*Asks:* 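Here's a structure for you.
Predicted model only: the values in this text are computed from it and were never measured. Chain letters run A, B, ... following the sequence lines, proteins first and then strands; every chain starts at 1.
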2 protein chains.
Amino acid sequence: LTHFDLSSIPVKEDMIDAEKVAHVQLQNPLEHALLVLTKTGYNAVPVLDLDGRFCGIISKSNIVETMFGIEEIEISQLYKKKVEDVMQPDIPTINETATLEDAIHVLIDHSFVCVLNNDEQMVGIYTRREILKQFRNEFYQ
Amino acid sequence: LTHFDLSSIPVKEDMIDAEKVAHVQLQNPLEHALLVLTKTGYNAVPVLDLDGRFCGIISKSNIVETMFGIEEIEISQLYKKKVEDVMQPDIPTINETATLEDAIHVLIDHSFVCVLNNDEQMVGIYTRREILKQFRNEFYQ
Ligand SMILES: Nc1ncnc2c1ncn2[C@@H]1O[C@@H]2COP(=O)(O)O[C@H]3[C@@H](O)[C@H](n4cnc5c(N)ncnc54)O[C@@H]3COP(=O)(O)O[C@H]2[C@H]1O
Ligand SMILES: Nc1ncnc2c1ncn2[C@@H]1O[C@@H]2COP(=O)(O)O[C@H]3[C@@H](O)[C@H](n4cnc5c(N)ncnc54)O[C@@H]3COP(=O)(O)O[C@H]2[C@H]1O
């Protein structure tokens, strides 16, 4: 095996840059968020504030769960509620100076991790697919 | 680094056994499938036939997309359609004698892979989380 040192590989090299990351805003109604998730095909995306700062993530599950009323499926909730009402705020992130060693710990429990600059703004995301490609290339090139 | 040989580690050791895998049947109405997905919290699960044979996977996206009508969100489709109408049938699988080397190739593009016996029945699933734990343990024990 080669000298594959995760702590020497910066996440910045292979992260998905912010401009390619689908996201929603705190104040968007759920119906808008569901449209974004459905159109992009992603199960969860980051939630940002108006300054581009990371606030949490919102998933299809978060939204679909609000539709399940007591007796039947109710879609009225999608028009009444906002992203900030149902999102997950306590999500681990990594700094833009982080390495694959920092990323792998988060990626055990989360399918992607947001990369932030020192002003808490999202500069990109690092995904499980990306780290698995790195491992596969290491073992099979 | 140690002698981490993916081709020598069988998936059977660390796969999630079939009885712990949430799944749905071909003939279930979408509303039932959505309930299973919402209650278990998973974004996608295997679809089996009455003999336990693997038929494909169904995701929250597959179901939610059917709700988007021309003008508005319509939930009537959830009661009219069945799992087999919207599922994804052409999904790669691996045999129960497979190793992590076989699994990693599928896990680059799919968040989990179904493990089948020679009768095409699902005996378990192997997930990205499981392979990432293997990598982390290899690097950080
Ligand atoms: N449009 C598409 N084309 C091809 N393959 C697709 C795809 N959408 C999803 N996949 C595959 O499904 C995996 C899980 O996607 P999911 O949306 O649950 O979970 C995604 C999603 O929540 C988020 N994500 C990935 N790319 C994103 C982006 N450009 N913008 C926002 N979120 C993104 O990161 C998670 C992990 O992504 P990862 O790539 O590791 O893993 C992805 C990828 O392998
Ligand atoms: N109830 C829960 N508790 C704790 N963490 C949870 C969780 N549900 C999901 N996660 C986390 O989110 C990841 C993506 O889940 P997802 O449902 O999109 O994608 C899942 C799901 O589609 C499927 N899956 C996993 N376990 C399953 C099971 N017991 N039955 C059916 N499908 C399962 O395999 C995919 C990859 O799973 P993986 O474990 O690698 O990755 C999981 C796990 O890290």
Side-chain angles (χ1 to χ4, degrees), chain A residues 1-7 9 30-44 59-69 72-79 99-112 127-140, chain B residues 1-7 9 30-44 59-69 72-79 99-112 127-140:
Chain A
L1 268 181
T2 61
H3 301 291
F4 189 35
D5 179 12
L6 296 183
S7 65
I9 305 175
L30 288 195
E31 171 235 1
H32 171 79
L34 189 60
L35 203 65
V36 169
L37 290 170
T38 308
K39 291 247 171 275
T40 58
Y42 298 122
N43 280 314
S59 70
K60 240 171 212 139
S61 311
N62 296 145
I63 301 175
V64 169
E65 278 172 22
T66 65
M67 285 165 38
F68 279 97
E72 51 170 5
I73 297 178
E74 299 169 12
I75 63 172
S76 54
Q77 295 299 320
L78 297 188
Y79 301 101
T99 66
L100 293 208
E101 181 177 39
D102 305 307
I104 196 174
H105 294 298
V106 183
L107 294 175
I108 299 278
D109 290 320
H110 301 271
S111 59
F112 70 100
T127 64
R128 279 177 171 174
R129 180 168 192 268
E130 196 48 55
I131 206 168
L132 286 171
K133 279 165 69 181
Q134 297 273 336
F135 281 120
R136 181 202 52 189
N137 294 350
E138 197 62 26
F139 283 90
Y140 302 108
Chain B
L1 267 183
T2 60
H3 299 293
F4 190 37
D5 179 12
L6 296 183
S7 65
I9 306 176
L30 289 195
E31 171 234 3
H32 170 78
L34 189 60
L35 203 66
V36 169
L37 290 170
T38 308
K39 291 249 170 273
T40 57
Y42 298 120
N43 280 315
S59 70
K60 241 171 213 142
S61 310
N62 296 145
I63 301 175
V64 168
E65 278 171 22
T66 65
M67 286 166 37
F68 279 96
E72 50 170 3
I73 296 177
E74 300 168 11
I75 62 172
S76 55
Q77 294 300 319
L78 297 187
Y79 301 101
T99 66
L100 293 208
E101 180 178 41
D102 305 308
I104 196 175
H105 294 299
V106 183
L107 293 174
I108 299 279
D109 290 322
H110 302 271
S111 57
F112 70 100
T127 64
R128 278 178 172 174
R129 180 168 191 269
E130 195 48 56
I131 205 169
L132 286 172
K133 280 163 69 181
Q134 297 272 337
F135 281 119
R136 181 203 49 190
N137 294 350
E138 196 62 27
F139 283 91
Y140 301 109

*Asks:* Can you confirm whether A:Phe139 sits close enough to B:Glu101 that some side-chain heavy atom of one is under 4.5 Å from a side-chain heavy atom of the other?
*Replies:*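 A side-chain contact is absent here, since even the closest heavy-atom pair is not under 4.5 Å.
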*Asks:* Given that the side chain runs from C-beta out, which part of A:Leu35 has a heavy atom under 4.5 Å from chain B: side chain, backbone, both or neither?
*Replies:*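 It is both, since atoms from each part get that close.
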*Asks:* Can you confirm whether B:Phe135 sits close enough to A:Leu6 that some side-chain heavy atom of one is under 4.5 Å from a side-chain heavy atom of the other?
*Replies:*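 Of all side-chain heavy-atom pairs linking A:Leu6 with B:Phe135, none is under 4.5 Å.
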*Asks:* How about B:Arg128 and A:Ser111: do any of their side-chain heavy atoms sit closer than 4.5 Å?
*Replies:*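 Result no, sub-4.5 Å side-chain heavy-atom pair not found.
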*Asks:* Let me know if A:Ile108 has heavy atoms under 4.5 Å from chain B in its side chain, its backbone, both or neither.
*Replies:*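 Looking at A:Ile108, backbone and side chain both touch chain B.
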*Asks:* Tell me the closest heavy-atom pair linking B:Ser61 and A:Gly41, and the distance in Å.
*Replies:*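 That would be OG-O, 4.3 Å.
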*Asks:* Shortest non-hydrogen contact from B:Leu132 to A:Leu107?
*Replies:*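 In terms of heavy atoms, the two residues are closest at CD1-O, 3.4 Å.
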*Asks:* If we define contacts as heavy-atom pairs under 4.5 Å, which of B:Lys133, B:Lys39, B:Glu31 has the most with chain A?
*Replies:*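 Highest number of heavy-atom pairs under 4.5 Å: B:Lys133.
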*Asks:* Given heavy-atom pairs under 4.5 angstrom as the criterion, report whether the side chain, backbone, both or neither of A:Glu130 touches chain B.
*Replies:*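 Contact with chain B is absent: no heavy atom of A:Glu130 under 4.5 Å.
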*Asks:* Does any heavy atom of chain B fall under 4.5 Å from the side chain of A:Leu78, the backbone, both, or neither of them?
*Replies:*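 Interface part for A:Leu78: side chain.
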*Asks:* Side chains of A:Arg129 and B:His110, heavy atoms from C-beta outward: is any pair under 4.5 Å?
*Replies:*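 Counting from C-beta outward, A:Arg129 and B:His110 never come under 4.5 Å.
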*Asks:* Between B:Leu37, B:Asp109, B:Ile63, which shows the greatest number of heavy-atom pairs under 4.5 Å with chain A?
*Replies:*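 The answer is B:Asp109.
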